[in-house]
Amino acid sequence: MSSNTEKLNLLKVDPVADGEQYFNVDTMLNANWDKVDAFADQMSDKVDGDLLPRLNTAQTNTITFKPGTQTITVARDMPVNVTTLQGKMLLNLTGRSGGFEQLPGFFLNASGSLDTVNKVSGNSGLKVTITNNGTGIAGVPIYNPKLGANGAKYLIRGVIKNGNLSGDGAYIQITDTVAYAANNLPLIKTSEKFVNCFALYDGTKSNNNTISAYMALKGQSGEYAYFDEVAVYEISNEEYIRVSSLTADEVASQYPYTEGLAGVKNPYAIRWTNSSKTDIASMLAFDTELLAPPVPTSDVERDRLEQGADGQYYKTSVWNKIVLDGSLPWAFAQSWTGYKAVTWQDVPAPVSNTGYITKYNKVVLSRWLAGSGATSADSHVLDGTTSDLWITVSAADSGWGDNYTPTNDEIKAYFYGWKMYDASISTDGSNIYNRTDGTNKAWCRRTNGFSSDNGYADGSFTLPNTLAFKFSPYELMYKRLSAVIEPTPSEGVLSFGAGENIIELGSGLVLREPVKPYRDNLWNINNGSPSYESSLTKFKIDRFIGVYKNGYLDKWIFYPNNVTKAGALAQKSALDYDPTGAYTASYIRLDKFPVSVIQSSIPINELAILNDLIRDVQQATRRVSAVELEKAEKTQISSPWIVPTLLNGWTAISGYRTGYRKIGNSNIVQMSGVLTNGVTTVGTVLFYLPQGYRPASSFVFTANSRNNSGSYNSITLDVRDSGAVLISFGTPYTGALTFEVTFEAEQ
């Protein structure tokens with residue numbers, strides 16, 4: 001019998017059952033043709049009304065990634081185009097004090113001690129013990145409070161762990177001398193772990209310019225609690241309102257503990273294959289830092305990163321950040337009682353009065369306006385009209401007494417991390433040089449960057465001209481007269497998979513850093529034990545992203561960031577390790593940086609997806625071509641010989657090479673010397689190697705010497721990881737001391 005088709009309802013005749021029927025033109029042909037024609041008309045409307053626009057006009061949706069981890073669900077696989085990132089700055093007004101590597105400024109009804117077990121980061125946290133029943137207080141100095149005008153708003157954040165408090169608990173606070181205090185004061189009683197906490201301060205309720213941050217606990221005498229990572233940030237009114245509704249954990253994520261001029265450093269977005277974050281599905285990372293003032297008045301004041309039409313990312317740099325070390329042309333400017341001003345007169349294109357400076361201990365220098373004068377040490381002025389920067393330095397920091405005027409080279413030595421002192425008074429560097437005859441001048445390096453630390457080392461009568469070991473120089477950030485647009489290196493692409501996507505947005509990602517695994521029973525990367533020092537990475541590690549052998553992902557076992565002093569650890573069995581491989585590691589730094597939201601777009605029709613595919617292919621082709629060109633042009637050119645500053649009476653013999661250099665495009669240092677007439681006692685430093693030319697771990701080698709009568713002997717020289725090259729064994733003749741050695745420098 002006859003039937004009809006499923007889609008168009010066309011009549012179909014059964015040849016067997018209907019074979020005897022007459023052929024009906026209307027029902028068997030004309031009606032069917034009408035149905036076909038109607039379908040064609042519908043398809044034309046469909047193509048014109050739906051399909052053609054999808055093929056002629058690309059359509060996208062905007063999506064915003066927020067700091068931290070989020071889950072986004074999409075219907076199908078698709079690329080994600082990151083369009084914009086903006087700069088952000090967290091400037092911790094406590095300097096390094098709130099990290100509690102040293103005791104804070106004061107205690108009231110309490111005592112304090114550093115605890116190396118109960119901590120969140122660094123080497124120690126702070127244990128505060130009540131000495132009188134009631135409330136015990138430990139104070140943290142705030143440097144340069146109220147960067148903004150009167151009425152500025154502040155956030156204090158930190159972590160607390162209860163010890164044995166029987167009272168209400170422990171908390172952090174900001175207050176001023178007219179007793180207006182911060183709000184949001186949760187009392188922490190948890191003793192099992194450190195708990196995030198925060199408080200807000202509204203400066204519009206007080207015109208007092210002096211504020212203090214402190215940790216407090218309530219209980220009985222002898223009871224205690226622990227504190228760590230206390231930071232104070234100036235925030236905008238909009239942030240003040242928004243933060244008021246956040247949880248303490250959300251505040252900790254958006255306002256991490258930072259030190260110094262912390263911009264959005266190496267931002268990244270990762271799509272993980274699972275919630276445990278063990279396997280990466282896709283990742284986009286940038287090698288840049290995006291800056292902004294601590295409290296921007298508009299988004300125009302922020303650095304921003306945007307994707308160009310060619311698929312390349314470009315940074316619009318509104319701000320400039322410069323390390324203020326001894327390589328700059330420093331000069332003396334003016335002297336006051338107890339401090340002096342020094343100047344750098346070639347700051348590139350600054351806007352007046354926009355400078356932010358942090359000291360070696362991350363203390364924020366106060367600012368005086370161009371045209372006015374200084375009133376204290378640890379202050380600065382930036383004059384855009386003359387391109388002059390002035391910085392005031394105390395006699396206690398520099399060692400320059402009121403009666404002494406430093407030379408330009410002595411000022412440079414200070415910014416390299418060296419303090420001047422009078423060797424006729426003491427040999428430990430604790431005094432200042434206040435002579436006018438120029439005799440007995442000596443220099444020593446700071447053993448770390450904390451203002452309350454009085455430890456000095458490596459005293460010498462020779463003026464140093466290299467960066468002191470592990471010294472963290474001053475830093476300057478200022479607004480440029482004109483923004484600079486420059487291409488920004490990036491790696492990877494971000495994409496969505498159909499279904500749920502776990503996206504992590506963060507900062508502080510180090511990409512494919514060369515590493516040197518160290519073996520005991522297992523191969524180690526970033527083992528903080530002293531004997532494993534050669535395995536350390538440049539920065540302490542929060543967690544590994546991946547380890548790569550010859551550019552390909554390799555399988556290693558990763559451990560959390562609390563297993564060694566260097567943070568996270570990677571290990572591999574000796575049986576699975578390839579000693580001929582070149583290994584690199586990608587990881588998240590343990591020190592924190594602010595995170596900026598990422599504005600992105602996703603395609604929602606066929607043309608948008610096709611455009612993304614074409615752009616990605618073009619971009620990949622361009623990058624491959626650039627890599628091939630770079631490889632073809634790369635030549636093995638050794639760096640020039642560098643002549644060191646010789647110490648303790650040793651001088652170079654004319655006509656012979658004394659110096660060091662790197663061989664080819666490698667990290668191999670060649671060092672040689674022919675010296676004469678210096679101090680010969682064991683431990684005498686001959687000279688210092690700068691950072692980049694120092695070994696990852698100290699080593700010794702044999703050198704030869706002769707006297708003027710022609711007698712020879714052999715001694716041992718030591719090359720320290722601090723850069724010191726010194727006599728370690730034997731007494732050399734002073735006629736000529738000769739040596740030649742090659743070694744691998746620190747990564």
Side-chain angles (χ1 to χ4, degrees), residues 50-88 254 264-273 280-290 292 296 298-318 483 485-507 509 511 594-623:
D50 185 15
L51 186 58
L52 284 181
R54 284 157 51 192
L55 295 175
N56 290 332
T57 304
Q59 294 181 342
T60 60
N61 276 346
T62 300
I63 187 169
T64 300
F65 297 113
K66 297 179 180 180
T69 302
Q70 54 233 271
T71 301
I72 299 174
T73 303
V74 296
R76 64 186 178 202
D77 294 353
M78 63 180 65
V80 179
N81 300 316
V82 173
T83 55
T84 307
L85 287 85
Q86 291 187 327
K88 185 177 180 180
Q254 297 180 29
V264 181
K265 181 71 172 178
N266 290 7
Y268 65 87
I270 297 175
R271 175 166 71 92
W272 297 95
T273 59
I280 295 175
S282 66
M283 179 181 73
L284 176 61
F286 301 94
D287 185 9
T288 189
E289 185 173 21
L290 301 172
S298 70
D299 286 344
V300 177
E301 288 192 305
R302 302 177 187 269
D303 288 352
R304 59 188 180 274
L305 186 67
E306 299 172 299
Q307 189 179 45
D310 58 355
Q312 170 70 45
Y313 289 95
Y314 294 90
K315 173 183 173 181
T316 301
S317 181
V318 180
I485 299 177
E486 53 194 3
T488 298
S490 64
E491 178 175 311
V493 294
L494 190 63
S495 64
F496 283 152
E500 291 187 345
N501 295 266
I502 301 170
I503 306 295
E504 178 190 351
L505 185 65
S507 57
L509 176 61
L511 288 169
V595 182
S596 176
V597 299
I598 292 181
Q599 302 292 339
S600 306
S601 67
I602 56 174
I604 60 173
N605 68 3
E606 287 80 356
L607 182 59
I609 294 174
L610 183 61
N611 287 345
D612 285 342
L613 177 62
I614 294 172
R615 185 206 62 215
D616 290 344
V617 170
Q618 290 174 335
Q619 189 174 3
T621 302
R622 183 180 69 249
R623 288 179 174 177

Would you name the heavy atoms of [X] and [Y] that are closest together and state the gap between them?
X	Y	result
Val597	Pro67	CG1-CD, 3.8 Å
Pro296	Ala292	CG-CB, 4.3 Å
Leu494	Ser282	CD1-OG, 3.6 Å
Ala285	Leu509	CB-CD2, 3.4 Å
Ala498	Ala75	CB-O, 3.7 Å
Lys315	Thr488	CB-OG1, 3.2 Å

### Partners meeting side chain to side chain donor-acceptor pair (under 3.5 Å) with Asn61 (sequence neighbours left out)
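Testing Asn61 for side chain to side chain donor-acceptor pair (under 3.5 Å), a comparison that skips the adjacent residues, returns none.
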### Message
According to side chain to side chain donor-acceptor pair (under 3.5 Å), who are the partners of Ser317, at least two apart in sequence or on a separate chain?
### Response
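Per chain and number, Ser317 pairs via side chain to side chain donor-acceptor pair (under 3.5 Å) with Arg480.
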### Task
Could you tell me which residues satisfy ring-ring contact (aromatic ring centres under 6.0 Å, His included) with Tyr268, sequence neighbours excluded, listed by chain and number?
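Testing Tyr268 for ring-ring contact (aromatic ring centres under 6.0 Å, His included), a comparison that skips the adjacent residues, returns none.
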### Message
Per the salt bridge (charged side-chain N to carboxylate O under 4.0 Å, His left out) rule, what does the pair list look like for residues 493-506, sequence neighbours excluded?
### Response
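The answer is Lys277-Glu504, Glu504-Arg543.
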### Query
Is there a donor-acceptor pair under 3.5 Å between the side chain of Asn266 and the backbone N or O of Thr288?
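Yes, the answer is positive, given that a donor and an acceptor are paired below the 3.5 Å cut-off.
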Could you tell me which residues satisfy salt bridge (charged side-chain N to carboxylate O under 4.0 Å, His left out) with [X], sequence neighbours excluded, listed by chain and number?
X	value
Arg304	Glu306
Asp287	none
Glu289	Lys321

State which residues pass side-chain contact (heavy atoms from CB on, under 4.5 Å) with [X]; sequence neighbours excluded, sorted by chain then number.
X	value
Ala281	Arg271, Thr273
Ser596	Gln86, Val264
Thr62	Gln599

### Query
Atom CG of Leu284 and atom CZ of Phe65: how far apart are they, to the nearest 0.5 Å?
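Those atoms lie 10.0 Å apart.
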